[in-house]
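Input: a single structure, listed below in structure tokens.
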Amino acid sequence: MNAILLMLLGLGGMFLGYVFYSKYVAEKIYKLDPDFRTPAHEFEDGIDFVPTNKYVLWGHHFTSVAGAAPIIGPAIAVIWGWVPAFLWVIFGTIFFAGVHDAGAIWASSRNRARSIGALTGDVVGKRSQSLFMIVIFLVLLMVNAVFATAISGLLINFPSSVVPVWGAIFVALIIGQIIFRKWMGLGTISILGVLALYAMIFVGPAVPLALPETVMGLSDNASWILILFFYAAIASLLPVWMLLQPRDYINGLQLFIGLFLIYGAVLISGPELVAPAFNTNTPEGTPSLVPLLFVTIACGAISGFHGLVASGTTSKQLDKETDARFVGYFGAIGEGSLSLATIIAVTAGFATLADWQAVYHSFGQGGVSAFVSGGAQILQQGLSLDVEISETLLTVMAVLFAGTTMDTGIRLQRYIFQEWGGIYNIKWMEKAAPATLLAVGSCLILAFGAGGADGTGGLAIWPLFGTTNQLLAGLTLLVITTMLVRLKRPMYVTLLPLLFLLVMTIYALLIQLKGFYDDANWFLFSLDLLVLIAAIWIALESASALTRIRRENAADQAGENATENKANRS
Amino acid sequence: MKITAIRNWLSRANKLANEYYNAPYRAAVARAKREQDDLFMLYVYAEMMGIPNPASYYTLELQPLLLEQFHEWHLRMGMEHSPFDEFRCC
């Protein structure tokens, strides 16, 4: 099949989903009201609560939820063939992610813009709230470990990207200063910044850099991971305007340019998909498609991380409640289209089936590196860019993404440690530096503990990360469903995805548990067990919360009927 | 006519870009600024709380200027009412 057809089918499907399904959900289920006074207006303070233009808000929501995860997941999952990955991304985006993201914004904006974590405590129960904190912590922990591993792999596979990747940080530092001191307008600076970044991408292949095989007894992989965490720790401690803000900005521009280039190149060259539609000849050790597909692709189909962004910052800036449809649902579509681009790159970006099979020789292979080399092929065919330059370009895009997520993740983890310091009255833990050390330390333990001293274990936890992320999405869906039941509205649009997620995650956890047991990987075995307990707990909480509220509703109904009868009789 | 249209469009684009640059970090930056301001409030009202302040001769002048922020400041500092006997607020 031709990649153009796949691209049009995918984008068209998601577009129809936006036009019809999201309209139905927004108008009939969430009943978004343009006259509702949103928290951004009600509590407007110029700090957190600021009514924001919906396109700007969408840009932020999208760039803060889109990370490297929607690239890594599909790039691993095409091992089962492109059809399953494609269908799950498209249907997941339409029926799961969009509903979940828009719903999280709605739920939060109807509850004084409180975060989903706080809402869980109110709407579902106190126990669920503590559960929520644990799941968030696990997700952050895994995301940092996985991304550090992924980045180090990329830096080793594509040494031409080392200069532009680290150079981008200097560009960001300089831009940050220029903007902060108001030396130049933002328009000029954006153009200069992007030019500087692309200049380095062109220079990169001429000056490839690689670490020596071993540095002080550590493999190059392990050294990169240590360097990355050292960098992330510092970046998360700096004032945001210095590095984070300009880098995010450049990243956002990069993302739109990158997506545009890939889709443009596909349209021009129209490559054929070389990977099989259904891979009947999966390499040995590949787990079964059901349920592993549904946790391997988390971001891109549905991701709990979005709920955190949606309820944490987006809902506080919502100008009109009806904007939630565009911001949330279309944000999910943006992410879905990134995943779609990845699927096309890793299935059409190879010359022959044999080349493809050489990359996907066992489960967990491929990943971002496949995206980079596949995507580079397509860019070369479509735009006749040099392969090495295209590879550098895509590597930089992926690394910058993963990097941003990493230091945001470290920052959030630090907040959690600081909060715990406050709760348990541990004074030193409330300070920024020691809390950051704890955050980085726990991530390092996971990155190295999962796979030995060379730090390659990070990607082994990818499916586990997906599972935890889905659990988080499940919790958000539970909150939305509970709210819908309370309001006596149809709950199937969120209940069915919730049930599906719970079944698939628990099933996947059990299968992985057995895998870790067989491999005698006790570290991941206990982590899996922990997540499994959380998953079962969520399932039980969901059941009890929903039956409780239905009973309350029924009692209300009965009460109303009784008074009505009485009134009729008298 | 055309030039003004282009100029309008550019200034709109610039405004959106500025918004895009600042929106996600507005909260963090504003919070940091507020923390500094709070410390400054403490300097200005230090003398009234019995904290000797060598610059009180100068900060006294600022007191009426900062009065508007006083209410929010004492609330933020966790005091329901004005901490000063001779200085009522709410």
Side-chain angles (χ1 to χ4, degrees), chain A residues 40 44-65 113 172 175-176 178-180 182 184-191 193-194 236 238-253 256 309 312-314 316-317 319 404 408 411 415, chain B residues 1-45 51 62-83 89-90:
Chain A
E44 185 167 355
D45 62 355
I47 296 184
D48 292 311
F49 296 89
V50 183
T52 306
N53 175 299
K54 77 171 174 181
Y55 298 104
V56 171
L57 191 57
W58 174 79
H60 281 307
H61 181 77
F62 175 44
T63 40
S64 27
V65 296
I175 289 181
I178 295 178
I179 295 176
F180 187 71
K182 300 208 166 73
M184 262 188 234
L186 197 57
T188 334
I189 252 307
S190 326
I191 296 170
V194 171
S236 72
L238 286 178
V240 286
W241 63 264
M242 221 181 247
L243 177 60
L244 233 55
Q245 192 175 9
R247 215 193 44 191
D248 267 7
Y249 181 70
I250 292 289
N251 264 1
L253 296 180
F256 291 116
V309 176
T313 49
T314 307
K316 295 190 175 81
Q317 300 175 14
D319 185 22
T404 319
T408 315
R411 196 177 280 262
Y415 292 151
Chain B
M1 180 59 209
K2 234 180 186 170
I3 290 176
T4 46
I6 293 174
R7 202 166 281 158
N8 277 340
W9 187 86
L10 273 181
S11 83
R12 232 180 92 87
N14 212 23
K15 221 179 256 168
L16 276 179
N18 259 312
E19 185 65 13
Y20 183 70
Y21 187 80
N22 288 315
Y25 292 99
R26 198 184 279 127
V29 172
R31 203 168 289 126
K33 177 178 176 295
R34 195 174 66 183
E35 267 164 32
Q36 287 187 352
D37 286 352
D38 284 348
L39 186 64
F40 187 67
M41 288 292 276
L42 184 65
Y43 288 144
V44 172
Y45 291 93
I51 306 167
L62 292 169
Q63 283 188 4
L65 296 177
L66 294 176
L67 212 54
E68 273 181 51
Q69 299 167 25
F70 187 77
H71 175 65
E72 282 184 5
W73 175 67
H74 77 69
L75 285 183
R76 231 181 358 256
M77 297 299 108
M79 295 171 278
E80 228 172 283
H81 301 287
S82 162
C89 176
C90 50

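As a basis for the values below, the full set of heavy atoms in this structure was taken, side chains included, without hydrogen atoms, waters or symmetry mates.
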Contacting moiety of A:Pro239, where chain B heavy atoms sit under 4.5 Å: neither
N/O donor-acceptor pairs between chain B and chain A, cut-off 3.5 Å:
| from | atom 1 | to | atom 2 | distance (Å) |
| --- | --- | --- | --- | --- |
| B:Asn14 | OD1 | A:Gly187 | N | 3.3 |
| B:Tyr20 | O | A:His60 | NE2 | 2.9 |
| B:Tyr20 | OH | A:Thr63 | OG1 | 3.4 |
| B:Tyr21 | O | A:Gln245 | NE2 | 3.0 |
| B:Asn22 | OD1 | A:Gln245 | NE2 | 3.4 |
| B:Tyr25 | OH | A:Asp248 | OD2 | 2.4 |
| B:Arg31 | NH2 | A:Asp48 | OD1 | 2.7 |
| B:Arg31 | NH2 | A:Asp48 | OD2 | 2.9 |

Exceeds 12 heavy-atom contacts within 6.0 angstrom, atom OH of B:Tyr43: no
Chain B contact via A:Ile179 - which portion, at a heavy-atom distance below 4.5 Å: side chain
Which of A:Pro246, A:Gly185, A:Gly187 touches chain B most, by non-hydrogen pairs under 4.5 Å: A:Pro246
